[in-house]
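Please read the structure below before turning to the comments.
First listed ligand is number 1; within each ligand, the first listed atom is number 1.
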Amino acid sequence: MEVIISKTYEEMSALAAREIANLLNTKPNAVLGLATGSTPLGLYKELVRLHKEEGLDFSQVTTFNLDEYVGLSHSHDQSYHYFMTENLFKHINIPVQNIHVPSGTALNHLAFCQWYESRIKECGGIDLQVLGIGSDGHIAFNEPGSSLGSRTRIKTLAKQTIEDNARFFSRPEDVPIYAITMGVGTIMEARKLIMLANKKNKAKAVALSIEGPVSCQITASALQLHPDAIAFVDEAAASELSMRDYYLWIQKNKPGAPRPQ
Ligand code: GLP
């Protein structure tokens, strides 16, 4: 996995946004996988800026979000659908019919999950998937113990995740304990993965996912098996990486490597 260490959150977000902009410039009808959480907010802000100031075009883009809380409708202000509308979709020119976020209110969850998987395939698969990482090393809502071959399904959230999310809800009993999430296997089928992490509280999860053994206990470690995965991290999140200096060395010298003529 390639590791790109940035001095600031803004720099990290801009580098990740550049990956998406480069993709859209070569493939305007790309399929993007998107994530929620505080981590990708800077990335979405930068994409909005690129759209408004540099004409980055989303008119042919299709998106699939990773996950959603079970029980929250898309108009609930803590739903992931609402988050995406407020922080990205309403600021860019993506057609509403091209947006996919798992439904937290589907009556038949199993049928919905199967439809979500088939819809991704129908759209040609995900070209680039954005990921954050939970403090317990999860991606999307694939909590410790999730099969590395898992598909879109309902997950019971880990206590750590419920505690991490409690800050967004006024009462502890309102914090959802179930979510609908793409599986690790679903995520691994994306052609490119970019994982973002900032702040010290992610340092341990980042180190375990990049340098630890591949394990269902740290589902982000599955990225080690992906042929095209990049971790964009700030210095705080990189602080427990034992090979930090090596990654910086590669980062400095890779641009000068011989390229095909
Ligand atoms: C939730 C989401 C993940 C996200 C994680 C971290 O668990 N399902 O996709 O990566 O939160 O969120 P934050 O970026 O706010 O730390």
Given 3.5 Å as the limit, does a donor-acceptor pair link the side chain of S147 with the main chain of G149, or not? yes

Salt bridge check, E10 against K45: does any charged N sit closer than 4.0 Å to a carboxylate O? no

Check ligand 1 for N or O atoms under 3.5 Å from a protein N or O and list each pair with its distance.
| residue | atom | partner | partner atom | Å |
| --- | --- | --- | --- | --- |
| ligand 1 | 7 (O) | H138 | NE2 | 2.7 |
| ligand 1 | 8 (N) | D67 | OD2 | 2.7 |
| ligand 1 | 8 (N) | A140 | O | 3.0 |
| ligand 1 | 10 (O) | I133 | N | 3.2 |
| ligand 1 | 14 (O) | S38 | N | 3.3 |
| ligand 1 | 14 (O) | T39 | N | 3.0 |
| ligand 1 | 14 (O) | T39 | OG1 | 2.5 |
| ligand 1 | 15 (O) | S38 | N | 2.8 |
| ligand 1 | 15 (O) | S38 | OG | 2.8 |
| ligand 1 | 16 (O) | K202 | NZ | 2.5 |

Could you tell me whether the side chain of V3 reaches within less than 4.5 Å of the side chain of Y246, counting heavy atoms only? no

If the condition is salt bridge (charged side-chain N to carboxylate O under 4.0 Å, His left out), which residues does D67 pass it with, not counting sequence neighbours? none

Around atom NE2 of H74, are there more than 12 heavy atoms from other residues, nucleotides or ligands closer than 6.0 Å? no

Quick one: do K159 and E163 make a salt bridge, cutoff under 4.0 Å? no

